[in-house]
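This report refers to the structure that appears directly beneath it.
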Amino acid sequence: MAEEEYNFSLIEKKWQKRWERDGLFRTDRADRPKFYVLNMYPYPSGVLHMGHVLNYTLGDVMVRYKLLRGYNVLSPMGWDSFGLPAENAAIRTGIAPHEFTERNIERMRGQMRRAGWGYDWSREFATSHVDYYRWNQWFFLKFYERGMVVKKTAPVNWCESCQTVLANEQVVNGGECERCGSRVAQKDMNQWFYKLSDYAERLLAGHDRLRGNWPDAVLAMQEEWIGKSVGAEVTFTVSETGDALPVFTTRPDTLWGVTFMSIAPEHPLVRKLAAVSPDGAKLLDAAAAMRSMGTSAKELAEREKEGVCTGFHVVNPVNGAEVPLWIANFALITYGTGAVMSVPAHDQRDWEFAKKYGLPIVKVIEPADGSDVGDWDRAHVDAGAIVNSGPFTGKPDNFGAIPEIVDWLNAQGLGKKRVNYRLRDWLLSRQRYWGTPIPIIYCDRCGIVPVPEPDLPVILPADIDFTHGQGNPLLRSKSFVNVKCPTCGRPAKRETDTMDTFVDSSWYQIRFADPKNDAVCWDRRKVRQWLPVDQYIGGIEHATMHLIYSRFFMMALHDLGLVDFEEPFTRLFCQGMVCKVAFRCESCKWIAASQVKAVRIGGGELDEEEEALLFKRIENQSLDAGGLEKEGYALVCAGDGGPVHFEMTKISKSKLNIVDPDAMMDRFGADTVRLYMLSDSPPDRMRIWTEDGINGSWRTINRLWRLVMDSVEKVAPVGSALPSELDRINSGLRRKTHQCVKKVTDSIEGGYQFNTAIARCNELLNFLRTHRDAAHPAVLRETLEVIVKAISPIIPHFADECWSRLGYEESVFAGSWPEYDAEAAKEDELVIPVQVNGKVRARLYVSPDAGTSELERLAFADARIRELVAGKSVARVVVAPGRMVNIAVN
RNA sequence: GGGGGCGUGGCGGAAUGGCAGACGCAAGGGAUUUAAAAUCCCUUGGCCUUUGGGUCGUGCGGGUUCGAGUCCCGCCGCCCCCACCA
């Protein structure tokens with residue numbers, strides 16, 4: 001028989017056409033139960049990278065598996081197409097953002113088809129199309145009516161390089177812009193906010209229904225982000241002016257130990273007190289110098305505790321004690337009330353501050369060793385008995401006494417229980433062009449006027465010059481900005497800020513159920529049919545951004561009566577980040593690896609081989625910056641010769657460390673790349689990108705191909721029954737076959753451990769390869785069919801080709817998942833380890849003849865062992881629980 | 001400082017409390033070939049060995065157990081998230 005090479009490019013194209021023709025991913029199997037699989041949709045950057053490949057391959061495996069399992073599967077794809085890169089490209093090149101975006105979508109859609117990912121393309125949409133973003137505006141108006149969106153002046157994060165504000169969630173690495181990596185400053189601005197903080201408790205409560213179905217890490221991150229803390233609010237009074245100063249504390253048990261009060265430099269009281277203080281000007285200067293705003297989070301964390309005494313005092317309501325009032329740089333205006341009651345004896349930060357400025361320290365919790373403040377070298381924060389605390393002195397457990405103390409504060413009218421959240425409102429405004437215009441008009445007479453619903457959508461103007469001028473280009477569009485006030489008809493100005501693009505992704509999962517509707521946002525029946533999403537798949541980096549916003553948005557839509565559910569994603573799987581080393585030149589920011597040169601410190605070129613080896617070591621993390629220097633090397637930028645730093649980071653286009661899957665697909669085909677992505681490590685684990693091992697995936701596919709080709713003549717006809725009696729090899733084959741079915745099924749249903757599922761398929765393949773000649777034709781058919789089916793969601797084109805060679809007309813995905821035969825998968829011999837003095841020395845194989853139940857066989861083994869050791873010097877023979885025979889020898 | 005995760009060969013990684021290292025990569029050897037590629041076969045944790053095997057071995061120290069990579073306690077190290085959060 002002529003050897004037939006596996007021609008992936010022909011075969012992959014052929015099956016992609018077939019699936020399209022047959023409408024494999026259309027959602028018209030109404031007789032089946034629904035299953036909605038959603039992959040986080042991409043920003044159309046222009047090219048897919050390996051992170052996408054992992055994400056979408058995982059999703060596609062789920063889709064195809066669910067098809068085989070008899071579901072009506074919804075698998076849509078769309079584009080998160082608003083955002084900065086398109087606008088920045090426009091500024092750089094003059095190409096309009098919509099044009100840039102459309103072009104990128106074209107290219108990426110082609111890559112997706114080529115990868116063989118199955119989507120219902122009839123549902124495709126892009127968020128930058130007015131058909132989509134008009135609903136952002138509509139929701140905004142609905143939220144506005146309900147008071148769920150507000151405009152307020154607040155400290156916000158400002159990215160100078162992106163010329164826009166950022167939400168808290170978009171500030172990363174202790175003060176860097178999530179997009180461009182430059183330092184974020186804080187300033188006061190009047191901006192639009194969604195009242196996310198109103199939903200803090202509900203978001204938290206929702207974790208109960210998500211637990212088990214969402215990764216623990218994501219829930220933990222969200223909990224941390226919401227940052228609930230329970231305590232009390234207690235109102236102090238400024239002695240000199242009578243101003244009330246409420247403070248939030250989680251430690252009301254230490255109220256009697258307050259020795260000074262600290263307020264944030266931005267606290268309104270600062271200005272008020274400065275106005276009546278002889279040293280007012282000095283105070284204002286000192287406060288200005290300590291402001292947290294305009295300082296990056298990193299600097300905030302590193303700077304030393306500093307403060308200035310105001311000369312004023314506050315009265316502690318619980319005991320009437322007068323303590324000095326300080327302005328302190330560690331007090332944050334953004335948390336609690338902006339004031340901290342300082343208890344240096346029992347709070348490390350207060351302790352350091354008190355030591356620095358010589359403030360008194362009063363013990364109110366007795367340490368276990370009974371020591372006094374004078375003996376301490378740090379604050380005492382552990383539990384103990386309460387002392388020096390008025391009515392609570394003598395309580396043995398300070399933490400346990402907190403509820404009682406709060407009740408007492410309440411009864412005395414001195415304070416009340418308070419729950420404080422770290423979660424703040426979602427800053428919605430962006431001073432950029434390429435986003436959804438906020439449907440608001442400012443009128444000198446009528447103030448803030450929402451655009452009336454019939455006037456929607458507010459269309460993003462196309463006649464914009466991007467290459468000239470600073471700031472938001474919308475400000476320069478006269479036709480956009482100048483409008484008539486909808487209320488009074490006089491000239492007015494349109495809001496030029498656009499919405500954060502996270503608004504788009506907060507509800508896109510619903511729109512896929514009814515993507516073309518232009519009368520209403522969606523048809524309720526269609527939403528009921530598909531939502532919520534049964535399986536959502538995406539990167540863990542969205543844990544505190546998209547995944548909080550989207551949950552909030554569903555709850556808000558639920559409150560508006562637009563949806564019946566509160567949680568958008570029933571199950572969530574987060575794949576690990578695909579990382580690769582990225583290089584940063586000190587002067588030209590991120591640069592491609594090809595632009596980096598290695599040199600010897602003190603001069604001297606490297607030969608090519610030496611340099612390649614060096615880069616290899618950097619890439620697989622076996623050489624860090626320190627090691628590089630120690631060995632006498634340095635990296636420089638090929639452009640300007642400046643020093644280059646490197647770090648391991650998620651692959652992304654902006655960091656110029658992406659790997660384009662096209663090259664790999666050219667060489668090996670889509671299936672090999674798909675198989676490779678899932679073969680080696682569990683998909684939730686972070687991985688450093690390498691192409692080592694892709695040969696193995698290629699070999700696996702070819703081995704299987706040759707096996708199928710060599711077997712088609714030998715294999716029993718479709719539908720042949722298995723013989724009733726099988727020899728050892730054939731029953732072994734069937735055992736491995738059904739163990740493979742089980743493993744792959746469990747891996748998909750459970751933890752997505754495809755590496756072990758693939759390993760099991762490989763094992764079966766290897767076993768069949770060595771025993772093929774002894775395989776019964778019907779068993780051979782069963783085994784081949786199971787391998788092909790079990791692996792089909794991962795390498796679908798290949799599987800379908802094999803399926804047709806095995807004599808089937810229909811696509812493998814038109815059929816069903818293989819039945820698991822537990823009886824066939826069972827080991828026929830019970831293996832009982834025999835342990836002598838605690839070490840396994842032998843293994844006893846007990847055949848089914850000895851009994852059908854495990855207990856019977858164990859008894860048989862016990863008897864057999866006793867026979868064997870009879871008369872020898874043996875202390876005891878024990879059949880241990882489980883299956884283990886222990887022999888203790890004297 | 002708080003929270004989450006992890007620690008197993010040269011590498012990615014397997015192991016319902018029961019033969020540690022599945023499966024694969026890389027490496028080495030052999031077959032085939034004029035040659036190379038491809039393919040096929042073998043070896044591959046350390047040490048010892050009379051080649052039968054023996055022995056040590058899952059970051060470190062204890063514990064539970066007939067039996068621990070796995071469970072418990074205490075360290076050490078790494079990664080991620082949050083962080084002057086009152």
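Computed from a predicted structure; not experimentally measured. Note on naming: letters A, B, ... go to the chains in the order of the sequence lines (proteins, then strands), and numbering restarts at 1 for each one.
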When you compare [N] with [M], how far apart are their [atom1] atoms, in angstrom units rounded to a whole number?
| N | M | atom1 | value |
| --- | --- | --- | --- |
| A22(B) | C71(B) | C1' | 24 Å |
| C25(B) | G18(B) | P | 28 Å |
| G53(B) | U65(B) | C1' | 29 Å |
| G24(B) | A15(B) | P | 15 Å |
| U58(B) | U8(B) | P | 11 Å |
| U64(B) | C85(B) | C1' | 41 Å |
| C42(B) | C6(B) | C1' | 36 Å |
| U51(B) | U55(B) | C1' | 15 Å |

Taking the inter-plane angle between the rings of [X] and [Y] on a 0 to 90° scale, is it parallel (under 30°), tilted (30 to 60°) or perpendicular (over 60°)?
| X | Y | result |
| --- | --- | --- |
| Trp698(A) | Tyr6(A) | tilted |
| Tyr357(A) | Trp326(A) | tilted |
| Phe754(A) | Tyr752(A) | perpendicular |

Going by atom types alone, do [X] and [Y] pair a side-chain donor with an acceptor below 3.5 Å?
| X | Y | result |
| --- | --- | --- |
| Ser262(A) | Ser342(A) | yes |
| Gln575(A) | Arg685(A) | no |
| Thr700(A) | Asn702(A) | no |
| Ser229(A) | Tyr335(A) | yes |
| Asn420(A) | Arg418(A) | yes |
| Ser197(A) | Asp425(A) | yes |
| Arg551(A) | His207(A) | yes |

Could you give the [atom1]-to-[atom2] distance, from [X] to [N], as a whole number of Å?
| X | N | atom1 | atom2 | answer |
| --- | --- | --- | --- | --- |
| Tyr676(A) | G13(B) | OH | P | 11 Å |
| Lys826(A) | U16(B) | NZ | P | 20 Å |
| Gln222(A) | C80(B) | CD | C1' | 16 Å |
| Met221(A) | A83(B) | CE | P | 12 Å |
| Ile548(A) | C82(B) | CD1 | P | 11 Å |
| Lys742(A) | U16(B) | NZ | C1' | 10 Å |
| Leu219(A) | C80(B) | CG | C1' | 16 Å |
| Met50(A) | G12(B) | CE | P | 20 Å |

Expected label for G9(B) (glycosidic angle, syn inside 90° of 0, else anti) would be syn
Judged by whether its glycosidic angle lies within 90° of 0, G7(B) is anti
Atom pairs, protein N/O to nucleotides 29-33 of chain B N/O, distance under 3.5 Å:
none

Can you tell me the base-pairing partner of [N]? Count Watson-Crick or G-U wobble geometry only, both distances below 3.5 Å, and say none if there is no partner.
| N | value |
| --- | --- |
| G52(B) | none |
| G1(B) | C82(B) |
| U65(B) | none |
| C6(B) | G77(B) |
| A27(B) | U43(B) |
| C19(B) | none |

Taking for Thr770(A) and for Met686(A) the nucleotide of RNA chain B with the nearest heavy atom, the one nearer the 5' end belongs to Met686(A)
Judged by nearest nucleotide, the residue sitting upstream toward the 5' end of RNA chain B, Met577(A) or Glu352(A), is Met577(A)
Every protein N/O lying under 3.5 Å from an N/O of nucleotides 22-25 of chain B:
unit_1 : atom_1 : unit_2    : atom_2 : d
A22(B) : O2'    : Glu763(A) : OE2    : 2.9
C23(B) : O2'    : Asn762(A) : ND2    : 3.1
G24(B) : OP1    : Asn766(A) : ND2    : 3.2
C25(B) : OP1    : Arg699(A) : NE     : 3.1
C25(B) : OP1    : Arg699(A) : NH2    : 2.7

Sugar-phosphate, base or nothing in reach of Arg418(A), heavy atoms under 4.0 Å = nothing
Lys743(A) and Glu749(A): salt bridge (charged side-chain N to carboxylate O under 4.0 Å, His left out), yes or no, with the steps? CA-CA 10 Å; Lys743(A) 183 68 204 175; Glu749(A) 299 281 351; over 6 Å; no
Within the supplied structure, the quantity of interest is the number of heavy atoms (other residues, nucleotides, ligands) at a distance under 6.0 Å from Lys356(A) NZ; does it exceed 12?
yes
Considering only nitrogen or oxygen atoms on both sides, find all protein atoms under 3.5 Å from nucleotides 2-11 of chain B and state each distance.
unit_1 : atom_1 : unit_2    : atom_2 : d
G2(B)  : N2     : Glu224(A) : OE2    : 2.6

Closest of G12(B), A86(B), C41(B) to the Ser681(A) side chain is G12(B)
Margin query: At less than 4.0 Å, is any side-chain N or O atom of Arg422(A) found next to OP1 or OP2 of A86(B)? Yes or no.
Written below: no
Centroid-to-centroid, Phe668(A) to Phe8(A), below 6.0 Å?
no
Here the gap from Leu764(A) atom CG to Gln739(A) atom CD, rounded to the nearest 0.5 Å, amounts to 9.5 Å
